[in-house]
Amino acid sequence: MNQTSRVVLFQEKFQTWEDALKSFVLFRKAQGYSSRTIKDYRYHVALLFRECPQAWSPQDANKTRMAVLSYLDQDGIAPATFNIRRKYLKAFFSWLVDEGAYTRNPLEGIRTRKAEPRIVQHSAEILTKLLKLPDKSTYCGRRDYALLCLSIDTAIRPGEALSLTLDDVDLDEMTALVRASVSKTRKSRTLPFSLETAKALKAMISARPQEWDTKLLFTNHEGDRLTVSGWRQRLQRHYAPKLGLKRLSPYDLRHDAALHFLRNGMNPFALQAIMGHTNLETTKHYIALVEADIREAHETASPVKRLLYRDKIPVIVLTIY
């Protein structure tokens, strides 16, 4: 069967890109992809065809390629956004090639762009103040405090934390199980947490109304799922202003946890395992920031610098009573 015949058969199966996307989503679900990933596929594929309708051209692969390249090369697009779009669209078009719609993937040869990671760090003083802000006389306050403690104590991803169930947490062993089905890397991992976090979780659970019929560990004020966007809004509107911050997000807490783990002496390989990084390269971004702390401290306290320029450096006299 030649390529023209294959395209005709393909068009008989899928009249529109919506038909193709629907079939692709069913295929990915059968492969066991998470609901979050499926949602991202729907979003990014639909966004392409809505902004560039000409990209749906099974009979003209060159037209599709030019449309896709134009879509990806929009002015001002951040490298991280470019890479995300490329990832989902490449997977979709690879499936179209397998289905016989195209002879080649229109994203073939398009490489990822180098994106500098955005790592937020807050001082110990800011985090200490944050942990004191929730009103523990209310359920939402206890929930916020418990979620803050768990986030900073384990560096868990926001989506993973909000997918935890009551059965995933062992308050006696002080561990939380991130199941493979909710893990970003599709691999399960067990996260230890402190006694303080265990107490916060126990207090939150005891404050839940008995009529709530849910297995979710963290819920909103009505006992329904607390979403990442809902938690983000809660942090941004309720806590950021009180801390004098313009921005405070759930992922900021993960960054803070990683940096404080390293500053408190954690082994980088242990941090990699806790954060669920597939390789050490991602973890090294945090290591680099901590090394910058060491460089700054060395500049301030260099023994050689102080010995050579001792006459120009003010002497600090300590009086011991």
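Quantities reported herein were computed from a predicted structural model and do not represent experimental measurements.
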Considering residues at least two apart in sequence or located in another chain, which fulfil the salt bridge (charged side-chain N to carboxylate O under 4.0 Å, His left out) criterion with [X]?
{"X": "R86", "result": "none"}
{"X": "R157", "result": "E160"}
{"X": "D213", "result": "none"}
{"X": "R234", "result": "D144"}

Would you please name every residue forming a ring pair (Phe, Tyr, Trp, His ring centres under 6.0 Å) with [X], sequence neighbours left out?
{"X": "H122", "result": "none"}
{"X": "Y145", "result": "none"}
{"X": "F261", "result": "none"}

Original post:
Around atom CD of Q210, are there more than 12 heavy atoms of other residues, nucleotides or ligands at under 6.0 Å?
Top reply: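 12 or below, so no.
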**OP:** Tell me, with the steps shown, if C149 and L131 meet side chain to side chain contact (heavy atoms under 4.5 Å, CB included).
**Re:** CA-CA 8 Å; C149 285; L131 289 171; 4.2 Å; yes
Side chains of [X] and [Y]: does their closest heavy-atom pair fall under 4.5 Å?
{"X": "T219", "Y": "D224", "answer": "no"}
{"X": "D60", "Y": "Q54", "answer": "no"}
{"X": "L69", "Y": "I110", "answer": "yes"}
{"X": "K87", "Y": "N83", "answer": "no"}
{"X": "T165", "Y": "T214", "answer": "no"}
{"X": "V68", "Y": "L48", "answer": "yes"}

Original post:
Among F24, F92, F49, which one satisfies ring pair (Phe, Tyr, Trp, His ring centres under 6.0 Å) with W17?
Top reply: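 Answer to the ring pair (Phe, Tyr, Trp, His ring centres under 6.0 Å) test with W17 among F24, F92, F49: F49.
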**OP:** Using ring pair (Phe, Tyr, Trp, His ring centres under 6.0 Å) as the criterion, point out the one residue from F27, Y88, W95, F93 that pairs with Y41.
**Re:**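 Answer after filtering F27, Y88, W95, F93: Y88.
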Sub-3.5 Å donor-acceptor pair from the side chain of [X] to the main-chain atoms of [Y], do we have one?
{"X": "R186", "Y": "S181", "result": "yes"}
{"X": "R254", "Y": "S151", "result": "no"}
{"X": "Q236", "Y": "K246", "result": "yes"}
{"X": "T175", "Y": "L191", "result": "no"}
{"X": "S57", "Y": "T64", "result": "no"}
{"X": "S23", "Y": "A20", "result": "no"}

Which distance, rounded to the nearest 0.5 Å, do you find between the [atom1] of [X] and the [atom2] of [Y]?
{"X": "D153", "Y": "M174", "atom1": "CG", "atom2": "CE", "answer": "9.5 Å"}
{"X": "R65", "Y": "N62", "atom1": "CZ", "atom2": "CG", "answer": "8.5 Å"}
{"X": "W56", "Y": "D19", "atom1": "CH2", "atom2": "CG", "answer": "8.0 Å"}

Compare every heavy atom of [Y] with every heavy atom of [X], then report the nearest pair and how far apart it is.
{"X": "R208", "Y": "L216", "value": "NH1-O, 2.9 Å"}
{"X": "L171", "Y": "A198", "value": "CD2-O, 4.0 Å"}
{"X": "I38", "Y": "R28", "value": "CD1-CB, 3.5 Å"}
{"X": "L235", "Y": "S249", "value": "CD1-C, 3.7 Å"}
{"X": "L226", "Y": "L162", "value": "O-CD1, 3.3 Å"}
{"X": "P250", "Y": "P158", "value": "CB-CG, 3.4 Å"}

Subject >> Identified side-chain contact (heavy atoms from CB on, under 4.5 Å) counterpart of L150 within the set T197, L253, V169 >> reply: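 Of all the options given, the one that passes is T197.
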**OP:** Please lay out, stage by stage, how Q121 and D256 fare under the test side chain to side chain contact (heavy atoms under 4.5 Å, CB included).
**Re:** CA-CA 5 Å; Q121 52 182 321; D256 285 324; 4.3 Å; yes
Subject >> Pairs touching residues 155-198 that satisfy ring pair (Phe, Tyr, Trp, His ring centres under 6.0 Å), sequence neighbours left out >> reply: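 Sorted result for residues 155-198: empty, none.
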Original post:
With sequence neighbours left out, which residue pairs that include part of residues 207-238 fulfil the ring pair (Phe, Tyr, Trp, His ring centres under 6.0 Å) condition?
Top reply: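 Checked against ring pair (Phe, Tyr, Trp, His ring centres under 6.0 Å) - neighbours excluded - the pairs reaching residues 207-238 are Y139-W212.
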Original post:
Quick one: salt bridge (charged side-chain N to carboxylate O under 4.0 Å, His left out) pairs with a partner in residues 171-182, sequence neighbours left out?
Top reply: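 Matches after skipping sequence neighbours: D168-R179.
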**OP:** Name all residues meeting the side-chain contact (heavy atoms from CB on, under 4.5 Å) criterion together with E51; count only those two or more places apart in sequence or in a different chain, and write none if there are none.
**Re:**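 Only L47, Y71, Q74 meet the side-chain contact (heavy atoms from CB on, under 4.5 Å) criterion with E51.
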**OP:** Mind checking side-chain contact (heavy atoms from CB on, under 4.5 Å) for S123 and listing every partner two or more places apart, or none if nothing turns up?
**Re:**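 If we apply the side-chain contact (heavy atoms from CB on, under 4.5 Å) test to S123, skipping adjacent residues, the hits are E125, I126.
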Original post:
When you look at L245 and D252, which way does the side chain to side chain contact (heavy atoms under 4.5 Å, CB included) test go after all the steps?
Top reply: CA-CA 12 Å; L245 300 176; D252 293 348; over 6 Å; no
Original post:
Salt bridge or not for D73 and R113, using N-O below 4.0 Å?
Top reply: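 Answer for the salt bridge query: yes.
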Original post:
Between K29 and S35, does a side chain to side chain contact (heavy atoms under 4.5 Å, CB included) hold up when you go through it step by step?
Top reply: CA-CA 8 Å; K29 284 183 176 179; S35 57; over 6 Å; no
